[in-house]
Number of protein chains: 2
Amino acid sequence: MSANSRLTIAAHALAWIGLYQRQGHEVATSEQIATSANTNPVVIRRLLGELRRAGLVESRRGVGAGWSLARELESMTLLDVYEAVEPGPLFAMHRTTPDQGCVVGHGIQPAMQGIYEGIEETLRRELARVTLEDVLRDVLAAPR
Amino acid sequence: MSANSRLTIAAHALAWIGLYQRQGHEVATSEQIATSANTNPVVIRRLLGELRRAGLVESRRGVGAGWSLARELESMTLLDVYEAVEPGPLFAMHRTTPDQGCVVGHGIQPAMQGIYEGIEETLRRELARVTLEDVLRDVLAAPR
DNA sequence: ACTGTTGCAACCTTCACTGTTACGACTGTG
DNA sequence: CACAGTCGTAACAGTGAAGGTTGCAACAGT
């Protein structure tokens, strides 16, 4: 499907900020998070910007600037993150309109639309069952 | 997610072949299916080739060549099609290894791996609940 | 005024998907 | 046996998303 890592990196960033704050720090910088995720700070800022628009994090500018959680990790689910960073649908329709003169060409899109909606709804329910607190717990439970 | 239309087109092709065969025809050509799906015959042949490898369709060459179903539509699910045309996982990990010296960088991949596996399993169950017979029925039920 | 960080634009590279052309391989028909 | 129609597949181009990188203005505390 040509999967991307946006949800993974976003969860990484949130878990990092959450843990950092529990260690007594006020804000985390995109530079620190990027080092942990082994990527570029701008990539982190772009993702966190989308999470800010969704109300999951806040940012401060100026000296002592950085990122902090807008809510507790317990109240954030992977669905919140998914919706913030993945706007489009999971499955795409035809790139060009199928032949409307053909029975199948005419009926296929409404048919698949209905099926896909049900499947995506199930995916969302599943994503909503996992909180970022769960993620952080699993992260800390990793061996070694 | 940069979704693609492979599952949609594959379902379209299978429904088309199935309906065509019920109308008394032996085999369908990639040309006919491509016309219905409004795409190029080679695109259809590539997709059907993957479905053939998965044992869902058969092809004949030579004069009177074309494609036919290898099984009844009732016995084919969207999961069969999905697995035939979408090899990779739904969500990707980091493109580069995260900082293993960081607690989060070290634990994030196993954590997300476990979470993603559960979610993909749910997705598969959902795809397995829809047969291609269901798809064809919905196609034929479209208004007008 | 200085400093460190965000916000954001601009650009590049990579990669998957899709579309297209071309042609050899195959097989039933005349 | 030649022909015709279709598959099988390689090769290449176009498109678009994702990710990486650089650069710089804006901001705010010291």
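Treat the numbers as computed from the prediction; the structure is a model and nothing was measured. Naming: A, B, ... by sequence-line order, numbering from 1 per chain. Just the heavy atoms: all of them, side chains too, but no hydrogens, waters or symmetry mates, feed the values below.
The interatomic distance linking B:Q32 (CD) with D:dC7 (P) rounds to 9 Å, in whole Å. Note: CZ (B:R95) to C1' (D:dA17) measures 10 Å, nearest angstrom. Note: CZ (A:R45) to P (C:dG7) measures 8 Å, nearest angstrom. For B:L7 and C:dT18, the CG to C1' distance is 16 Å, given to the nearest whole Å. Between A:L47 atom CG and D:dG20 atom C1' the separation is 13 Å, expressed in whole Å. Atom CD1 in A:I9 sits about 16 Å away from atom C1' in D:dA17, given to the nearest Å. The distance between atom CZ of A:R46 and atom P of D:dA17, rounded to the nearest whole Å, is 14 Å. Per the geometry, CE belonging to A:M1 stands 9 Å off P belonging to C:dC17, to the nearest Å.
Looking at the side chain of A:V43, the nearest of the listed nucleotides D:dG19, C:dT18, C:dG24 is D:dG19. Checking C:dG19, D:dA17, C:dG24 against the side-chain heavy atoms of B:N40 singles out C:dG19 as nearest. Of the listed nucleotides (D:dG8, C:dT6, D:dG20), C:dT6 has the atom at the smallest distance from the side chain of A:W67. For A:V42, counting side-chain heavy atoms from C-beta on, the closest listed nucleotide (C:dT5, C:dC8, C:dT18) is C:dC8.
The side chain of A:R60 places no N or O atom within less than 4.0 Å of a non-bridging phosphate oxygen (OP1 or OP2) of C:dG4. Within the structure, every side-chain polar atom (N or O) of A:S5 is placed at least 4.0 Å from both OP1 and OP2 of D:dA18. In terms of phosphate contacts, B:S2 brings no side-chain nitrogen or oxygen within less than 4.0 Å of OP1 or OP2 of C:dA16. Between A:T29 and C:dG4 there is no side-chain N or O to OP1 or OP2 distance below 4.0 Å.
With DNA chain C read from its 5' end, the first of the two nearest nucleotides for B:T39 and B:V63 is the one closest to B:T39. Between A:E31 and B:V85, the one whose closest nucleotide on DNA chain C sits nearer the 5' end is A:E31.
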- Kindly determine whether B:E126 and A:R124 satisfy salt bridge (charged side-chain N to carboxylate O under 4.0 Å, His left out), including the steps that lead there. CA-CA 12 Å; B:E126 207 64 13; A:R124 298 170 108 71; over 6 Å; no
- Task: Go through the steps to decide whether B:H12 and B:S36 satisfy the test side chain to side chain donor-acceptor pair (under 3.5 Å), and finish with yes or no.
- Result: CA-CA 9 Å; B:H12 186 146; B:S36 171; 2.8 Å; yes
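Note on ring orientation: taking the six-membered ring where Trp is involved, the planes of B:H25 and B:Y20 are parallel (angle under 30°, cut-offs 30° and 60°).
Side-chain contact between A:Y82 and A:L123: present, with at least one pair of heavy atoms (C-beta onward) separated by less than 4.5 Å. Side-chain contact between A:R125 and A:E121 is present, with at least one heavy-atom pair separated by less than 4.5 Å.
Counting any heavy atom pair closer than 4.0 Å across all strands shown, A:G64 reaches no nucleic acid atom.
Judged by atom type and distance alone, A:R61 does not reach the base of D:dA28 through any side-chain donor-acceptor pair under 3.5 Å.
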